[in-house]
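What follows is a short report on a single structure.
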Amino acid sequence: MPIDYLRTLKHDELPYPETDASNIDKLRVLRAAGMVDVELPDLDEQRPVARVIAVTGLGCATLRVHAVPPRSRHHRPFARALSVLMATAD
């Protein structure tokens, strides 16, 4: 799933025209998954242009699930293990 591309679309001003062929393929996947509303070009168009209309509620929910967790001491298992070892060494 092209989550990184979905994340960029969430922050773009919509509607957004997309002309890059690889991004248009990502939009086809995202639309099939119900994560974007998009007007897609025919497969045989010489100069394809897709028009991204919106990131859907499902797309926004997916981005929340795949959000990068905040960094803390507890998200660094080796640092935590080291601090436990140092505390018990005294």
Side-chain angles (χ1 to χ4, degrees):
M1 185 66 57
I3 298 297
D4 291 332
Y5 183 62
L6 181 62
R7 190 172 288 116
T8 62
L9 290 174
K10 178 71 177 136
H11 298 289
D12 283 344
E13 186 175 327
L14 299 175
Y16 175 78
E18 180 59 73
T19 58
D20 182 74
S22 66
N23 286 341
I24 291 174
D25 287 340
K26 292 174 187 175
L27 288 170
R28 291 183 195 285
V29 172
L30 290 168
R31 184 177 86 167
M35 296 187 188
V36 294
D37 288 330
V38 60
E39 296 171 357
L40 292 168
D42 292 332
L43 291 172
D44 59 350
E45 284 192 31
Q46 293 291 352
R47 294 184 187 160
V49 177
R51 186 170 174 253
V52 182
I53 299 166
V55 175
T56 66
L58 179 59
C60 292
T62 301
L63 289 174
R64 284 192 298 274
V65 169
H66 289 277
V68 178
R71 303 280 282 163
S72 74
R73 293 183 310 168
H74 303 292
H75 291 289
R76 299 180 298 173
F78 295 112
R80 183 162 202 253
L82 181 61
S83 66
V84 169
L85 285 172
M86 292 185 72
T88 58
D90 290 334

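We count residues from 1, following the sequence as given.
Val55 and Tyr16 fall within the same hydrophobic cluster, defined by Ile, Leu, Val, Met, Phe, Trp and Tyr side-chain heavy atoms under 4.5 Å apart, directly or through other members.
In this structure the side chain of Leu14 never reaches within 4.5 angstrom of the side chain of Ile53, judged on heavy atoms.
The nearest pair of heavy atoms linking His66 to Arg7 is O-NH2, 3.2 Å. Of all heavy-atom pairs spanning Leu9 and Val36, the tightest one is CD1-CG1, 4.2 Å.
The CG atom of Leu6 sits 8.0 Å away from atom OG1 of Thr8, with the distance rounded to the nearest 0.5 Å.
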With a 3.5 Å cut-off and sequence neighbours excluded, list the donor-acceptor pairs that the side chains of residues 19-35 form with protein atoms.
{"residue": "Asp20", "atom": "OD2", "partner": "Ser22", "partner atom": "N", "Å": "3.3"}
{"residue": "Asp20", "atom": "OD2", "partner": "Ser22", "partner atom": "OG", "Å": "2.5"}
{"residue": "Asp20", "atom": "OD2", "partner": "Asn23", "partner atom": "N", "Å": "3.0"}
{"residue": "Arg28", "atom": "NH2", "partner": "Pro41", "partner atom": "O", "Å": "3.1"}

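For residues 36-55, the pairs satisfying side-chain hydrogen bond (donor to acceptor under 3.5 Å, both in side chains) are Glu39-Arg51, with sequence neighbours left out.
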